[in-house]
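FYI, side chains are in, hydrogens and waters are out, and symmetry mates aren't considered; it's all heavy atoms of this structure. Note that the coordinates shown come from a computational prediction; the quantities given were computed from them, not determined experimentally.
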Amino acid sequence: METIIRSYISEAIDALYMKSIDSEQVQVQETRREFEGDFTVIVFPLTRYSSRSPEVTGDEIGKYLVSARPEIISYNVIKGFLNLVISPGIWTNMFREMAGNVNFGTRTVSGDSPTVVIEYSSPNTNKPLHLGHIRNNLLGFSLCRIAEANGLKVVKTNIVNDRGIHICKSMVAWLKYGNGETPSSSGLKGDHLVGKYYVLFEKEFRNERERLISEGVDPESVVEVAPLMREAREMLRRWEAGDSETVSIWKMMNEWVYEGFDETYSRLGVSFDKIYYESDTYLRGREIVREALSEGLVYSESDGSVWADLSDDGLDRKILLRADGTAVYITQDLGTAVIRHEEYQFDRSVYVVGNEQNYHFQVLKALLARLGYPWASELYHFSYGMVELPEGKMKSREGKVVDADQLIDEMIATAETMSEELGKLDAIEESRRREIYRKIGLAALKYFILKVDPKKNMTFNPEESVDFNGNTGPFIQYTFARIMSVLRRADGIGYRDGSQSLSEQFVPNGKELSIIKAVRRFSHIIASASDEMNPSLIANYVYDLAKEFNQFYHDFSILNESEPERRFFRIELSRLVSGVIGKGMWLLGIEMPERM
RNA sequence: GGUUCCGUAGCUCAGCUGGAUAGAGCAACAGCCUUCUAAGCUGUGGGUCGGGGGUUCGAAUCCCUCCGGAAUCACCA
């Protein structure tokens with residue numbers, strides 16, 4: 001519609017002032033609530049064509065449009081803004097189209113759709129998932145759905161960091177203090193068990209360090225000489241050497257962790273098409289670096305370490321292999337990227353990784369380009385902000401984190417308490433009730449995180465952050481559940497999809513109209529959420545729509561409307577809104593209850 | 001110190017490529033359930049959009065500068 005109006009304006013400028021203007025240049029927006037009209041043309045930029053004041057120009061264009069275009073029925077000019085009122089029939093038609101299109105707002109994936117690989121989650125296997133991972137997983141999963149809704153072929157991937165010194169720390173502590181504890185012997189979830197020993201290692205190491213320093217060891221070199229740390233390093237060396245005993249402990253403990261992760265992922269409702277392990281991909285990365293060395297693209301120092309000089313790209317030099325030939329973090333990322341491109345021939349590769357790694361991804365991109373991979377330019381770092389607690393950053397070394405599993409449990413428990421207080425679900429059987437609590441609790445958590453602009457840091461207060469009223473997931477679910485309830489009743493009294501149609505003369509009232517307008521925005525929102533890779537646009541949009549609908553629901557009756565055509569319209573409008581709310585929340589990975 | 005990001009109501013956040021009197025929610029206060037689910041709806045109070053310059057018909061939005069905060073600049077991942 002905006003496009004049509006733009007072309008009308010260009011036509012009016014031509015007719016009135018004999019000047020041509022590119023219709024793309026015309027600024028048209030929806031009229032703000034407090035003024036009369038549907039669309040507003042900003043007249044200021046047009047005065048250079050009319051050589052008159054904004055008021056006069058707006059008036060002349062308005063007059064022209066009303067006489068030349070039947071769908072524009074009236075206008076008003078306030079300051080430099082030309083407000084146009086559109087014929088109600090246009091809106092009714094628009095409603096009919098949206099209501100009749102099952103795929104409204106989305107594009108379908110076809111054989112020749114571009115492929116985008118989206119990597120998210122990327123956990124370390126030495127500790128359980130925490131709140132920061134939750135933000136990552138929710139954003140990543142939602143981005144995948146949004147990309148799919150925009151007709152992209154999406155590969156959801158996860159790269160598991162299953163090797164390195166941090167895992168050896170858990171292993172050392174478990175061997176030393178664990179007495180053979182296993183998930184089944186202790187009843188502890190595998191990832192939590194391994195995490196417990198990681199925290200224990202750090203604690204014992206701190207004690208040891210203090211003791212050594214008090215015994216006169218130089219604080220600078222205490223990390224080098226502390227026995228615990230030496231054990232961990234020795235463990236890493238044996239692992240890289242393929243020592244069978246070390247490898248088998250490593251495998252066993254990693255299995256425990258994966259079982260735990262799988263449970264958390266499934267509770268969060270996220271999934272992957274392909275999981276990579278750094279213990280595999282670092283080998284490829286090492287090969288790549290060695291080849292590059294032989295081709296002279298990178299260089300080696302006298303100690304045998306391998307470096308890339310990226311100063312031409314405005315970056316520093318970067319180590320790629322240590323003197324002992326072992327790999328560093330970026331080595332495996334090189335391998336992963338190359339393997340991924342071989343497997344999927346992606347058009348784009350997105351990394352959902354926190355903004356603390358901005359520099360790392362600059363380096364990775366520059367490095368891949370240096371090594372001659374033309375697709376390096378298609379790498380995109382989706383850089384999101386940190387989640388902070390009221391008292392500051394989370395510190396996983398000290399165990400000061402908001403644990404993912406625990407948080408999910410608490411959210412569901414709160415949902416249960418609130419639901420029981422309200423008592424609306426008493427008649428529903430236990431297992432279905434639990435399912436509803438689960439949906440509500442998770443919605444509260446997910447929506448709270450996803451409504452915030454991803455690139456911004458956010459604070460999370462475990463005591464009070466997650467609410468169930470106002471701008472929240474449960475609010476939106478509630479709106480949805482009420483519509484479902486209305487639709488169930490409507491079906492019960494014999495209303496069916498398309499059993500009637502609206503006449504050309506039907507005129508929606510003001511509130512109905514603003515809902516149609518709100519629904520109409522959905523397709524723009526989906527497109528920009530995809531272009532900008534920003535799920536929060538959808539979250540905030542769905543909230544606006546739900547709010548709009550709640551006002552309508554409060555002020556007007558749907559099923560008790562006496563005029564049959566309007567009653568039919570309201571039922572179908574409600575159905576349309578529930579569809580859009582449901583689809584919007586689906587894009588966020590949030591499930592909707594039929595009742596609550 | 002270099003680079004990047006952020007600063008909007010007491011708190012948590014919106015505000016699209018510059019557009020009309022800067023919006024929600026929470027918290028506070030006051031109303032609305034014999035009528036489709038009150039996890040809802042309505043109203044009141046609350047702001048020098050970090051400060052100062054600039055660009056222009058118009059700046060929370062763009063540019064410069066200063067202040068404050070965060071991240072990063074590892075042979076950790």
Side-chain angles (χ1 to χ4, degrees), chain A residues 27 29 31-32 34-35 40 42-45 47 53-54 78-81 83 122 124 126 161 163-167 278 301 303 305-307 314-316 318-324 326-330 332-333 354-360 362 383 385-386 388 390 392-393 415 418-419 421-422 424 440 444 448 451-453 455-461 464-465 467-479 481-490 524-525 528 531-532 534 536-537 539-540 543-544 546-547 550-551 553-561 570-571 574 595-596:
Chain A
Q27 294 180 60
Q29 55 195 227
T31 301
R32 294 179 54 148
E34 57 268 38
F35 302 97
T40 296
I42 297 163
V43 185
F44 297 103
T47 54
S53 74
I78 298 170
K79 295 185 181 175
F81 299 90
N83 301 317
S122 314
N124 291 357
N126 63 324
N161 176 24
R163 48 160 236 121
I165 190 78
H166 47 291
I167 289 137
E278 291 188 350
E301 282 291 340
D303 65 354
S305 58
V306 180
W307 296 76
L315 303 168
D316 211 341
K318 181 77 188 173
I319 190 161
L320 305 177
L321 288 176
R322 297 189 184 96
D324 61 5
T326 58
V328 294
Y329 179 48
I330 200 150
Q332 53 213 5
D333 261 338
N355 61 16
E356 56 197 352
Q357 293 191 36
N358 287 352
Y359 181 75
H360 172 76
Q362 277 187 331
S383 165
M386 300 287 97
E388 284 161 16
K393 277 195 72 172
M418 284 198 74
S419 297
E421 275 171 19
L422 292 167
K424 294 181 186 179
I440 297 173
F448 180 83
K451 76 174 176 182
V452 179
D453 185 342
K455 70 169 187 284
K456 289 188 178 175
N457 288 358
M458 62 182 292
T459 44
F460 184 93
N461 185 333
E464 56 191 50
S465 267
D467 207 338
F468 290 70
N469 301 314
N471 186 359
T472 66
F475 169 93
I476 295 165
Q477 290 179 316
Y478 178 68
T479 309
R482 285 209 297 199
I483 298 177
M484 287 298 117
S485 172
V486 169
L487 294 180
R488 276 194 301 272
R489 282 166 193 271
H524 302 294
I525 296 288
S528 44
D531 293 346
E532 297 170 31
N534 186 351
S536 77
L537 296 179
N540 288 300
Y543 171 69
D544 285 339
K547 200 172 153 56
N550 278 334
Q551 289 165 356
Y553 183 92
H554 179 265
D555 292 346
F556 301 97
S557 181
I558 299 166
L559 297 172
N560 295 324
E561 163 60 34
R570 286 183 180 169
I571 292 170
S574 304
R595 55 189 91 216
M596 67 188 275

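Between A:Ile558 and A:Tyr543, it is A:Tyr543 whose nearest contact on RNA chain B lies nearer the 5' terminus. Of the two residues near RNA chain B, A:Phe81 and A:Phe460, the one whose nearest nucleotide lies more 5' is A:Phe460.
Rounded to an integer number of Å, the gap from A:Tyr553 OH to B:G40 P is 13 Å. As a whole-Å value, the separation of A:Lys455 NZ from B:U4 C1' is 13 Å. Whole-Å rounding puts the A:Gln357 CD to B:A71 P distance at 14 Å. In this structure, A:Glu388 atom CD and B:C6 atom P are separated by 15 Å, rounded to whole Å. Following rounding to the nearest Å, A:Gln362 (CD) and B:G2 (P) show an atom-to-atom distance of 17 Å. The separation between A:Asp467 atom CG and B:U12 atom C1' is 10 Å, rounded to whole Å. Atom CG in A:Asn540 sits about 12 Å away from atom P in B:C16, given to the nearest Å.
Between the side chain of A:Asp316 and the base of B:A74 there is no donor-acceptor pair of N/O atoms closer than 3.5 Å. For a distance-only test at 3.5 Å, the side chain of A:Ser536 fails to qualify as a donor-acceptor partner of the base of B:A14. Side-chain atoms of A:Asp555 stay outside donor-acceptor range of the base of B:C41, with no qualifying N/O pair under 3.5 Å.
One finds no side-chain N or O of A:Ser528 lying less than 4.0 angstrom from the OP1 or OP2 phosphate oxygen of B:C16. Regarding contacts with the backbone of B:C13, a side-chain N or O of A:Thr459 is found under 4.0 angstrom from either OP1 or OP2. Between A:Lys318 and the phosphate of B:C75, there is no side-chain N or O to OP1/OP2 separation shorter than 4.0 Å. Distances shorter than 4.0 Å separate some side-chain N or O of A:Arg482 from OP1 or OP2 on B:A38. Between A:Arg488 and B:U37 there is no side-chain polar atom (N or O) within less than 4.0 angstrom of OP1 or OP2.
Judged purely by atom type and a 3.5 angstrom limit, A:Thr479 uses its side chain to pair as donor or acceptor with the backbone of A:Phe475.
Side-chain proximity of A:Ile42 to B:A70, B:G19, B:A14: nearest is B:G19. Taking every side-chain heavy atom of A:Ile165 into account, B:C76 is the closest of B:G25, B:U37, B:C76.
Among the heavy atoms of the strands, none lies under 4.0 Å from A:Leu315. Using a 4.0 Å heavy-atom criterion, one finds that A:Gln477 contacts no nucleic acid atom at all.
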TODO: Evaluate the side-chain contact (heavy atoms from CB on, under 4.5 Å) criterion for residues A:Lys455 and A:Asn355: first the C-alpha distance (whole Å), next the side-chain angles of each, then the deciding distance (0.1 Å), finally the verdict.
DONE: CA-CA 8 Å; A:Lys455 70 169 187 284; A:Asn355 61 16; over 6 Å; no

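For the C1' atom pair drawn from B:U21 and B:G15, the interatomic distance equals 15 Å after rounding to whole Å. Atom name P, nucleotides B:U35 and B:C16: the rounded distance is 42 Å, in whole Å. Distance check on atom C1': B:C73 versus B:G54 gives 33 Å, rounded to whole Å. Separating the P atom of B:A27 from that of B:C11 is a span of 16 Å, rounded to the nearest Å. Comparing B:A70 with B:A30, their P atoms sit 40 Å apart, to the nearest whole Å.
Note that CZ of A:Arg570 is 10.5 Å distant from CG of A:Leu559, once rounded to the nearest 0.5 Å.
Ring-to-base geometry places A:Phe35 in a stacked arrangement with B:A20 (centre distance under 5.5 Å, plane angle under 30°). The aromatic ring of A:Phe44 does not stack onto the base of B:G58, failing the criterion of a centre distance under 5.5 Å from the six-membered base ring together with planes under 30° apart.
For an aromatic pair to be called close, the ring centres must be under 6.0 Å apart, and A:Phe448 with A:Phe460 satisfies this.
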